[in-house]
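Structure record follows, encoded as structure tokens.
Keep in mind that the numbers below use all heavy atoms, side chains included, and drop hydrogens, waters and symmetry copies. Each ligand, and each atom within it, is numbered from 1 in the order the structure gives. As the structure is a prediction and not an experimental result, all values here were calculated from the model.
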Amino acid sequence: MEQTFIMIKPDGVQRGLVGEIIARFEKKGFTLKGLKLVSVERSFAEKHYADLSAKPFFNGLVEYIISGPVIAMVWEGKKVVLTGRKIIGATNPADSAPGTIRGDFAIDIGRNVIHGSDSVESARKEIALWFPEGVVGWQTSLQPWIYE
Ligand code: UDP
Ligand code: MG
């Protein structure tokens with residue numbers, strides 16, 4: 001089953017959006033496989049966003065991610081990477097549809113509350129980076145009520 005890495009960024013934690021965000025993924029039917037509250041160091045944030053290191057907003061992005069604790073999660077389900085991105089909404093909250101997390105809870109691109117892996121391959125890398133200890137191997141008993 002497909003997995004994705006979802007991170008509630010420091011603004012989402014500070015603003016008390018953790019429960020609301022987790023509820024959206026839970027209610028959709030995805031399964032929580034890993035969860036922790038962590039403060040990451042600069043070098044770790046730089047590694048997570050290594051693909052964006054040449055961008056003009058890179059330093060500000062790294063400062064943002066290390067500005068407070070984040071919630072790191074692994075969610076599992078059919079097409080969870082793509083669907084997770086849809087639940088999150090467009091990168092710039094000015095363009096995120098209402099009903100998406102960014103559309104409902106964010107205004108500025110540099111305070112857009114949440115991260116989600118953009119491909120199955122990125123998800124694999126990000127889960128390995130954030131959860132080197134591995135995730136929890138459990139199966140929900142709701143499986144037959146969610147999948148046909
Ligand atoms: N970002 C920013 N300014 C930009 C583009 C991106 O501050 O012009 C930040 C924003 O927080 C975004 C993150 O950098 O979520 C990573 O950018 P990416 O293009 O990967 O967007 P995402 O995958 O998060 O939608
Ligand atoms: Mg991205």
What is the closest protein heavy atom to [atom], and at what distance does it sit?
{"atom": "atom 10 (C) of ligand 1", "answer": "I109 O, 3.3 Å"}
{"atom": "atom 25 (O) of ligand 1", "answer": "T91 OG1, 2.5 Å"}
{"atom": "atom 7 (O) of ligand 1", "answer": "G110 CA, 3.8 Å"}
{"atom": "atom 17 (O) of ligand 1", "answer": "L52 CD1, 3.6 Å"}
{"atom": "atom 8 (O) of ligand 1", "answer": "F57 CD2, 3.5 Å"}
{"atom": "atom 23 (O) of ligand 1", "answer": "R85 NH1, 2.7 Å"}

**Prompt:** Is the count of non-hydrogen atoms from other residues, nucleotides or ligands lying under 6.0 Å from W145 atom CH2 greater than 12?
**Reply:**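 No, because the 6.0 Å sphere around CH2 of W145 holds 12 heavy atoms or fewer from other groups.
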**Request:** Please check if the side chain of Y147 supplies one atom and the backbone of K78 the other of a donor-acceptor pair under 3.5 Å.
**Result:**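 The answer is yes, because a donor-acceptor pair under 3.5 Å joins these two groups.
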**Request:** Tell me, please: is R111 in heavy-atom contact with ligand 1, that is, under 4.0 Å?
**Result:**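 Contact check R111 vs ligand 1: negative.
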**Prompt:** At the 4.0 Å heavy-atom cut-off, does M7 count as touching ligand 1?
**Reply:**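 Flag not set, M7 not near ligand 1.
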**Asked** Taking N or O atoms only and a 3.5 Å limit, does R102 qualify as a polar contact for ligand 1?
**Response**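 Yes, at least one N or O pair falls under 3.5 Å.
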**Message:** Pairs of nitrogen or oxygen atoms closer than 3.5 Å, one from Y64 and one from ligand 1: do any exist?
**Reply:**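 No; every N/O pair is 3.5 Å or more apart.
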Report the part of [X] in contact with ligand 1, treating N, CA, C, O as backbone and CB onward as side chain, heavy atoms under 4.0 Å; options are side chain, backbone, both, neither.
{"X": "K55", "result": "neither"}
{"X": "L61", "result": "side chain"}
{"X": "N112", "result": "side chain"}
{"X": "H48", "result": "neither"}

**Asked** Which of the atoms in ligand 1, numbered in the order shown and given with their element, are less than 4.0 Å from a heavy-atom of Y49?
**Response**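 Checking each atom against Y49, I get 16 (C).
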Working to the nearest 0.5 Å, report the span between [atom1] of [X] and [atom2] of [Y].
{"X": "S119", "Y": "L82", "atom1": "OG", "atom2": "CG", "result": "11.0 Å"}
{"X": "S67", "Y": "R111", "atom1": "OG", "atom2": "CZ", "result": "6.5 Å"}
{"X": "R24", "Y": "E20", "atom1": "CZ", "atom2": "CD", "result": "4.5 Å"}

**Item:** Sub-6.0 Å ring centroid separation between F25 and W75
**Value:**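 Centroid distance F25-W75: below 6.0 Å, so yes.
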**Prompt:** Are K36 and E133 close enough for a salt bridge, meaning some N to O gap below 4.0 Å?
**Reply:**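 Result for this pair is yes, salt bridge flagged.
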**Message:** Could you check whether R15 makes a cation-pi contact with F105, meaning its NZ or CZ is under 6.0 Å from the centre of the six-membered ring and within 45° of the ring axis?
**Reply:**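 The answer is no, since R15 fails at least one limit relative to F105.
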**Flag for T31-E76: side-chain donor and acceptor within less than 3.5 Å** =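 Checked: E76/T31 side chains show no N/O donor-acceptor pair below 3.5 Å.
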**Asked** If you group Ile, Leu, Val, Met, Phe, Trp and Tyr by side-chain heavy-atom gaps below 4.5 Å, do I114 and W130 land in one group?
**Response**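 Unlinked, I114 and W130 end up in two clusters.
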